[in-house]
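Beneath this line is the structure, given in structure tokens, with notes to follow.
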Amino acid sequence: DVERDELRLSEKRLEILKRRCAEMRDKAYCTRAEYDSLVGVLSFCAESVARGRTFMRRLYAAQRRRGRYVRLNRGLKADLSWWLKFVDQFNGVSLLLNDYPELLPLFVDASLEGFGATFVKPDGSAEVLSGRWDEVLPGIDTSQESKLWHITELESVAFLTAVHQWRAHFARKRFSGHVDNQAAVTAINSGACKDPGMMCVIRDLFFEQAAGGFLAHAQHIDTASNRGGDCPSRFDLADGSRDAAAEEELF
């Protein structure tokens, strides 16, 4: 749509996409012709979906394998589920993005106890997000002894939370936010990692970008400079009180 400066998928195309993905998700194998047809439909749709091509990588890789049938493994089905979720919630419009990336004043941090983020808006005002993991995810065990959660995963969840909170401000932008964990920065920017839990976070992060019509990256910042993320991550203490020193330092 030239007048609105938008890329739009038709309702018919979205319906075809939804039906094809649903059919494939329930199968263990499919014929080569069925698979090629599905990949063709998804490739067309990915042209107008921010980050859509990320979820084509495994599909393309499976297409290069020989044989009359294609095995639909767990990874392929996870990518197809991402497309199904996208089609169910997508409004059919993807905005064309600005040409150049921006480094936005978005600061994110996480610890084993909590998370925090600060976003400075264009008018100079700022919004702060903070919380404890055991409050937003009841029953979570982030202790180092259990090794159920790695700090890199928590940093990525904090970034995902911040992007979801302020995504209305990011429409049509290519931007980077500040994160002080290099492993999280690498996973967010590459869109792939070997850790299954981390990949779940990356999928949800890419869904936020596709639904919101923007591209988000992370830029590494040293911890000492990341006060906008570090201070809010220490706001809430285990006894329910607030860390006055952290609040005073941030404000």
Single-linkage hydrophobic cluster, 4.5 Å side-chain cutoff, Trp149 and Ile151 together: yes
Heavy-atom donor-acceptor pair, Arg234 side chain to Gly114 backbone, under 3.5 Å: no
Arg71 and Arg65, any side-chain heavy atoms less than 4.5 Å apart: no
Joint cluster assignment, Val136 & Leu205, ILVMFWY side-chain distance < 4.5 Å: yes
Point-to-point distance, once rounded to the nearest 0.5 Å, from NE2 of His150 to CG of Asp195: 8.5 Å
Main-chain N/O of Met56 paired to Asp79 side chain as donor or acceptor, under 3.5 Å: no
Minimum heavy-atom distance Ala216-Gln209, with the two atoms named: N-OE1, 2.6 Å
Side chain to side chain contact (heavy atoms under 4.5 Å, CB included) between Leu80 and Leu42, intermediate numbers included: CA-CA 10 Å; Leu80 292 177; Leu42 289 175; 4.1 Å; yes
Flag side-chain contact, heavy atom, 4.5 Å: Arg32 against Arg68: no
Donor-acceptor contact present, side-chain Tyr35 to main-chain Leu59, <3.5 Å: yes
Within-4.5 Å side-chain heavy-atom neighbours: Glu153 and Val201: no
Separation of Lys27 NZ from Glu34 CD (nearest 0.5 Å): 4.0 Å
Approximate separation, where rounding is to 0.5 Å, of Glu155 CD and Gln182 CD: 11.5 Å
Phe170 and Phe119 aromatic ring geometry - parallel, tilted or perpendicular at 30°/60° bounds: perpendicular
Neighbour count above 12 (heavy atom, 6.0 Å) for Lys77 NZ: yes
Audit row: Val41, Cys21, side chain to side chain contact (heavy atoms under 4.5 Å, CB included) steps and yes/no: CA-CA 10 Å; Val41 172; Cys21 288; over 6 Å; no
Donor-acceptor pair between Ser37 and Arg20 side chains, under 3.5 angstrom: yes
Main-chain N/O of Ile140 paired to Trp133 side chain as donor or acceptor, under 3.5 Å: no
Heavy-atom check, side chain of Leu112 versus side chain of Ser143, under 4.5 Å: no
Linked, directly or transitively: Leu14 and Met24 (ILVMFWY side chains, under 4.5 Å): yes
Trace of the side chain to side chain contact (heavy atoms under 4.5 Å, CB included) decision for Phe44 with Leu17: CA-CA 10 Å; Phe44 179 87; Leu17 174 60; over 6 Å; no
Greater than 12 external heavy atoms within 6.0 Å of His220's NE2: yes
Nearest atoms (heavy-atom pairs only) where Leu84 meets Lys18: CD2-O, 3.5 Å
Beyond-backbone contact of His164 with Leu129, side-chain heavy atoms, under 4.5 angstrom: no
Side chains of Val157 and Phe115 in contact at under 4.5 Å (non-hydrogen atoms): no
Spacing of CG belonging to Leu104 relative to CD belonging to Gln219, to within rounding of 0.5 Å: 11.0 Å
Considering all heavy atoms, the nearest Tyr60-Ser43 contact: OH-OG, 2.7 Å
Spacing of SG belonging to Cys30 relative to CG belonging to Leu72, to within rounding of 0.5 Å: 4.5 Å
Reported CG-to-CD distance for the pair Asp236 and Glu247, which is rounded to 0.5 angstrom: 8.5 Å
hydrophobic_cluster_shared for Leu250 and Val179, side chain cutoff 4.5 Å: no
Distance-minimising heavy-atom pair for Pro232 and Ala117: CB-N, 3.9 Å
Min side-chain heavy-atom separation Tyr69-Thr31 under 4.5 Å: yes
Minimal non-hydrogen separation, Arg203 against Gly75, with atom names: NH2-O, 4.1 Å
Close side-chain approach of Phe107 to Arg227, heavy-atom, < 4.5 Å: no
Where Ile202 and Ala187 come nearest, the two heavy atoms and their spacing: CD1-O, 3.7 Å
Trp82 with Met199, same ILVMFWY side-chain cluster at under 4.5 Å: yes
Neighbour count >12 (heavy atoms, 6.0 Å) for atom OH, Tyr29: no
